[in-house]
There are 2 protein chains.
Amino acid sequence: MSIVDRKERQRAERYDLIVAAARDLAEAEGWDAVTTRRLAGLIDYSQPVLYSHFKGKADIMAAVANGGFEELATRLRTQTAMGTPDVLRNVCAAYLEFARSQPVTYEAMFVLPTQIKFASADTPIALRATFAELLAALGPDRPSPELLAEVLWSALHGMVVLVQSERIPARGADVRLDVLVQSFGRQSR
Amino acid sequence: MSIVDRKERQRAERYDLIVAAARDLAEAEGWDAVTTRRLAGLIDYSQPVLYSHFKGKADIMAAVANGGFEELATRLRTQTAMGTPDVLRNVCAAYLEFARSQPVTYEAMFVLPTQIKFASADTPIALRATFAELLAALGPDRPSPELLAEVLWSALHGMVVLVQSERIPARGADVRLDVLVQSFGRQSR
DNA sequence: ACGCTAATCTAGCGGCGCTAGATATTCTGC
DNA sequence: GCAGAATATCTAGCGCCGCTAGATTAGCGT
């Protein structure tokens, strides 16, 4: 079976190569610059090879997004695991930092049209985990915790995209984070 | 001068016709369906005519967005003008309702790449007005009011786009609004 | 009525996502 | 070792996109 194994391994490597090339090119020049022709050129294969791995360009972007879900969940978990009193602030900061450091991956995850199901039966585990971290960061004994987490997520997401699209100035991002955390923190101060 | 006048008037009418056709087609089938060829067909002119009015497709979308800024500002102003005690909630509700009723106009305004300057010297008046209404709805004597308004806007925007892209369920929108208003309202309750 | 300008159209460029059919490569059985 | 089958890959092309140059038409002033 070792020949078949090797083939499968090589295929998997090429799969990863494509996803990495797509992510890197997107981070460098934006998703519009990621065309199937350029991508094929980067991996030294012809266009149709891409379609033996992926259903289409959207599928490649979804693969990049999935990698992002993993990393984001990990980053957030690191913060909640620390268990410091200002978990909420740290988790929010980690979310914003992820978006800042990998804007186009973030875009693939949360902005561009996607067929990835959210809050559904076949939602990627990492994506569920991300939401769970937000939920946890808000602390126990909250009224309608899911909805609260959704609103928190909305605020974080809004800040990310409005700053990225230069509709809100980048300046003041840290103060906005303070404001947000104050608003969503327990009001028993 | 009346001949020139008539020509200018007809040109202006055709301009409006194009913008309306673009908006209607987008509302019906999404922005991807708005191609210069289809648009030209809808107004019974050939493609190049579009380019005598607009620099390109992005410019047409910007025109649709500008119309949206006017309407949104008007809608929000109506709420603040009423001066009821729960202005904040009403303004937020009006914002969400605008986005719900004209999703693709909203998309052109706040999601798609734009060359419209926000918070700049040549920001459209209606856009400034919109932000001013949010600011006013939060009430006086707030610490860092601009930043607070930016965070509120972020939360509203996040809710809009995450629901529209089906990343957050449409269900519970009203409760989320309650949560948001509670969080951003004066905590002197 | 006619020449000229301005308005409009026809036709086409390069690039896009994607795919059918041809070609090259690798494996299998003798 | 080698023919033929199966698989992997490529070449070439389809229909679409945004956009534009150059030909053509229409309508004005004289």
Side-chain angles (χ1 to χ4, degrees), chain A residues 1-19 21-23 25-26 28-65 104 107-108 111-116, chain B residues 1-19 21-23 25-26 28-65 104 107-108 112-115:
Chain A
M1 278 297 199
S2 97
I3 286 177
V4 171
D5 282 356
R6 192 206 61 214
K7 285 203 168 189
E8 279 178 8
R9 196 184 61 241
Q10 287 176 342
R11 248 191 96 75
E13 281 169 10
R14 198 171 57 179
Y15 177 99
D16 293 341
L17 190 64
I18 293 169
V19 176
R23 188 191 55 235
L25 179 53
E29 304 184 32
W31 280 113
D32 281 350
V34 181
T35 72
T36 54
R37 284 172 178 80
R38 284 193 71 178
L39 214 42
L42 282 175
I43 61 167
D44 291 319
Y45 281 97
S46 66
Q47 271 180 293
V49 167
L50 300 176
Y51 292 86
S52 78
H53 289 280
F54 302 94
K55 235 176 48 191
K57 183 182 172 178
D59 203 24
I60 299 176
M61 294 169 64
V64 173
V104 308
E107 196 181 351
V111 178
L112 299 175
T114 180
Q115 60 270 50
I116 296 170
Chain B
M1 276 300 200
S2 98
I3 285 176
V4 171
D5 281 357
R6 192 206 61 216
K7 286 203 168 185
E8 279 177 9
R9 196 186 60 240
Q10 287 177 341
R11 249 191 94 77
E13 281 169 11
R14 199 172 56 179
Y15 176 100
D16 292 341
L17 190 64
I18 293 168
V19 175
R23 187 191 56 235
L25 179 53
E29 304 186 31
W31 280 113
D32 281 351
V34 181
T35 71
T36 54
R37 283 173 179 79
R38 284 193 71 178
L39 214 41
L42 282 174
I43 61 168
D44 291 320
Y45 282 97
S46 65
Q47 271 180 292
V49 167
L50 300 176
Y51 292 86
S52 77
H53 288 281
F54 301 95
K55 235 175 50 191
K57 184 183 172 178
D59 203 25
I60 298 175
M61 295 169 64
V64 173
V104 309
E107 197 182 350
L112 299 173
T114 180
Q115 59 271 50

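Letters A, B, ... are given to chains in the order of the sequence lines, protein chains preceding strands, and every chain is numbered from 1. These numbers were taken from a predicted model, which means no experiment stands behind them.
Under 3.5 Å, the side chain of B/Gln47 and the base of C/dC9 form no donor-acceptor pair of N or O atoms.
Taking side-chain N and O atoms only, A/Arg14 has a distance below 4.0 Å to OP1 or OP2 of D/dT9.
Atom CD1 of B/Ile43 is separated from atom P of C/dA7 by 15 Å (rounded to the nearest Å). Remark: C1' of D/dC10 and CG of A/Asp44 are 14 Å apart, rounded to the nearest angstrom. Here C/dC18 presents its C1' atom at 11 Å from CD1 of A/Ile60, a figure rounded to the nearest Å. Regarding A/Asp32, its CG atom lies at a distance of 13 Å from the P atom of D/dG18, rounded to whole Å. Put simply, CD on B/Glu13 is 16 Å from P on C/dA7, counting in whole angstrom units. The CH2-C1' distance, from A/Trp31 to C/dG17, rounds to 15 Å in whole Å.
In the region residues 34-41 of chain A, proximity to DNA chain D at under 4.0 angstrom, judged on heavy atoms, holds for A/Arg37. Using a 4.0 Å cutoff on non-hydrogen atoms, the parts of residues 49-59 of chain A near DNA chain D are A/Val49, ordered by number.
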Residues 48-56 of chain A, side-chain donor-acceptor partners within the protein, below 3.5 Å, at least two apart:
from, atom 1, to, atom 2, distance (Å)
A/Ser52, OG, A/Val49, O, 2.7
A/His53, NE2, A/Arg14, NE, 3.0
A/His53, NE2, A/Arg14, NH2, 3.2

Taking distance alone, no hydrogens or angles, what donor-acceptor pairs closer than 3.5 Å link side-chain atoms of residues 29-36 of chain B to residues at least two apart or in another chain?
from, atom 1, to, atom 2, distance (Å)
B/Glu29, OE1, B/Arg38, NH1, 2.9
B/Glu29, OE2, B/Arg38, NH2, 3.0
B/Trp31, NE1, B/Val104, O, 2.9
B/Thr35, OG1, B/Arg38, N, 3.1
B/Thr36, OG1, B/Gln47, NE2, 2.8

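When all heavy atoms are compared, the tightest approach of A/Val64 to A/Ala22 is CG2-CB, 4.3 Å. Closest approach of A/Ala63 to A/Val19, counting heavy atoms only: CB-CG2, 3.8 Å. Taking each heavy atom of A/Ala40 and A/Ser46 in turn, the nearest pair found is CB-C, 3.7 Å.
Atoms CG and CD1, on A/Leu17 and A/Ile43 in that order, are 6.0 Å from each other to the nearest 0.5 Å.
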Produce the list of close N/O pairs, under 3.5 Å, pairing protein atoms with atoms of nucleotides 20-22 of chain C; give distances to one decimal.
none

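For B/Tyr45, there are no ring-ring contact (aromatic ring centres under 6.0 Å, His included) partners, not counting sequence neighbours.
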